[in-house]
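Just below is one structure, and these are the notes that go with it.
Within every chain, numbering begins at 1; the chains are lettered A, B, ... in the order of the sequence lines, protein sequences first and strands thereafter.
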Protein chains: 2
Amino acid sequence: MSTERPGFALPLLLLAGFQTLVDALHEELAERGHPDARPMHGFALQAVGGGTTAAELGRRLGVTKQAAAKTIAALEAAGYVERAADPTDARRVVVRPTARGRDLLARSAEIFDELRTRWVRELGEDAVRTMEDALGRVTSGPRLDAPSWFTR
Amino acid sequence: MSTERPGFALPLLLLAGFQTLVDALHEELAERGHPDARPMHGFALQAVGGGTTAAELGRRLGVTKQAAAKTIAALEAAGYVERAADPTDARRVVVRPTARGRDLLARSAEIFDELRTRWVRELGEDAVRTMEDALGRVTSGPRLDAPSWFTR
DNA sequence: TATGTTCGACAACATGGTTGTCGATATGGT
DNA sequence: ACCATATCGACAACCATGTTGTCGAACATA
């Protein structure tokens, strides 16, 4: 008969795991030329992708276009994106990552790979795969609307 | 030779797992007498425990006492805690969960147990245990300072 | 009793979210 | 060609949750 484990530990462990990874990411990012990148930057930049508009970004992040516009302003001030008028539609202002923005995304991907490798060394490939597979089954795809989610 | 899985999926999966559980929790809470409980309420109430003060709560949550005081005000407005002067120290105002607050915590624990059972049915006891054990090893204990963490 | 620390409160501000409104620009039906 | 409608970005006002900094009152102790 198996020990009854309390259910409340699971969410705390998942959150702690996420925090651990993101904290480690930003420690490494700081040492690789992005000392003032913040979790929100990476999320939003990921959602910007190759280029979008404020309204579209809002839809991707699950927030209003006004909120997206503020995020874009912050990202622009940080030098991660630039804005340019769309010649084919005078209403639109296209947002694209700068070279520095693309560098941030590339470094992040690289660091996340290293962190996964670190977990594999610590826990074994099987455990990590089991975790990934299990979470993939009980969740409905990766959601990008994290920044706003908690206080909702 | 194993397939190289990209590292960036792991944090997204962990976050998605956390969100899935907390979303399900609040769906259930809504049906059990707590329709307007929000994630923050549970966290803060958990940190309040049997009773504390604003300054102590701030230390537990890793925020300033001012932020803790605002949180307490919100919790009090929602009817989850009550404040009373400490007869032994005229500076202190003790915060305690109300009956409703204790009910929220009890229901939450109960629902989290049910959710874990649901995951065990879906994934198997082994997978869930593997996940719990693995996360327990790579993280340093449950942190209660979640609400503030993201925007930092 | 004098000094230092802790408590809670208040003010001012930053950030990131919301609604609501607005003028300018596309778009599609008549 | 024209007009109704939808969309885009901007602006204002507000809410929520943090932050610093300051303060008086109450405790603790040398």
Side-chain angles (χ1 to χ4, degrees), chain A residues 19 26 36-48 51-78 80-96 143-152, chain B residues 19 26 36-48 51-78 80-96 143-152:
Chain A
Q19 289 176 329
H26 283 88
D36 41 0
R38 291 190 295 117
M40 202 212 71
H41 290 147
F43 261 90
L45 206 50
Q46 192 73 42
V48 167
T52 26
T53 65
E56 174 58 25
L57 180 61
R59 283 189 288 265
R60 290 187 194 172
L61 291 175
V63 300
T64 60
K65 59 182 179 178
Q66 291 88 337
K70 288 189 192 181
T71 299
I72 288 171
L75 244 40
E76 190 180 23
Y80 290 125
V81 299
E82 56 195 1
R83 308 188 316 148
D86 183 339
T88 75
D89 186 339
R91 293 170 308 177
R92 305 175 80 222
V93 175
V94 177
V95 182
R96 288 168 320 187
R143 290 160 48 179
L144 246 37
D145 62 344
S148 60
W149 177 83
F150 205 92
T151 56
R152 194 201 30 175
Chain B
Q19 289 177 328
H26 283 88
D36 40 359
R38 291 189 296 116
M40 201 212 71
H41 290 147
F43 258 93
L45 206 50
Q46 191 74 42
V48 167
T52 24
T53 64
E56 175 57 25
L57 179 62
R59 283 188 288 265
R60 289 186 194 173
L61 292 174
V63 299
T64 59
K65 60 184 178 177
Q66 291 88 337
K70 289 188 190 179
T71 299
I72 289 170
L75 243 41
E76 190 180 24
Y80 290 125
V81 300
E82 57 194 2
R83 307 189 315 150
D86 183 337
T88 76
D89 185 339
R91 293 170 308 174
R92 304 176 80 222
V93 176
V94 177
V95 182
R96 287 168 322 188
R143 290 160 48 181
L144 245 38
D145 62 346
S148 60
W149 177 83
F150 206 92
T151 57
R152 191 200 30 177

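Between B:I72 atom CD1 and C:dA9 atom C1' there is a gap of 12 Å when expressed in whole angstrom units. Between B:R38 atom CZ and C:dT18 atom P the separation is 14 Å, expressed in whole Å. The separation between A:K70 atom NZ and D:dA10 atom P is 13 Å, rounded to whole Å. If you take CG of A:L75 and P of C:dG16, they are 10 Å apart, rounded to a whole angstrom. Here the P atom of nucleotide D:dC8 and the CG atom of A:L57 are 12 Å apart, to the nearest Å. Atom CZ of B:F43 is separated from atom C1' of D:dG18 by 17 Å (rounded to the nearest Å).
Of the inter-residue distances, the one linking B:L45 atom CG with B:L75 atom CG reads 5.5 Å to the nearest 0.5 angstrom. From B:E82, atom CD reaches atom CZ of B:R96 across 4.5 Å, with rounding to the nearest 0.5 Å.
Taking A:E56 as the reference, A:R59, A:R60 meet the side chain to side chain donor-acceptor pair (under 3.5 Å) condition, with sequence neighbours excluded. Listed by chain and number, the residues in a side chain to side chain contact (heavy atoms under 4.5 Å, CB included) with A:A78 are A:H41, A:Y80 (sequence neighbours excluded). Every residue meeting the side chain to side chain donor-acceptor pair (under 3.5 Å) condition with B:D89, not counting sequence neighbours, appears here in chain and number order: B:R91.
Sorted by first then second residue, the salt bridge (Lys or Arg N to Asp or Glu O under 4.0 Å) pairs that include residues 66-77 of chain A, not counting sequence neighbours, are A:E76-A:R83.
Remark: the B:Q66 side chain and the D:dG21 base include a donor-acceptor N/O pair separated by less than 3.5 Å.
Looking at the side chain of A:V63, the nearest of the listed nucleotides C:dG17, D:dT20, C:dA12 is C:dG17.
Within the structure, a side-chain polar atom (N or O) of A:T71 is placed less than 4.0 Å from OP1 or OP2 of C:dG17.
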Distances under 3.5 Å between protein N/O atoms and the N/O atoms of nucleotides 4-8 of chain C, please, pair by pair.
residue : atom : partner : partner atom : Å
C:dT6   : O2   : B:R91   : NH1          : 2.7
C:dC7   : OP2  : B:R59   : NH1          : 3.4
C:dG8   : OP1  : B:V93   : N            : 3.2
C:dG8   : OP1  : B:V93   : O            : 3.4
C:dG8   : OP2  : B:A55   : N            : 3.0
C:dG8   : N7   : B:K65   : NZ           : 2.9
C:dG8   : O6   : B:K65   : NZ           : 2.9

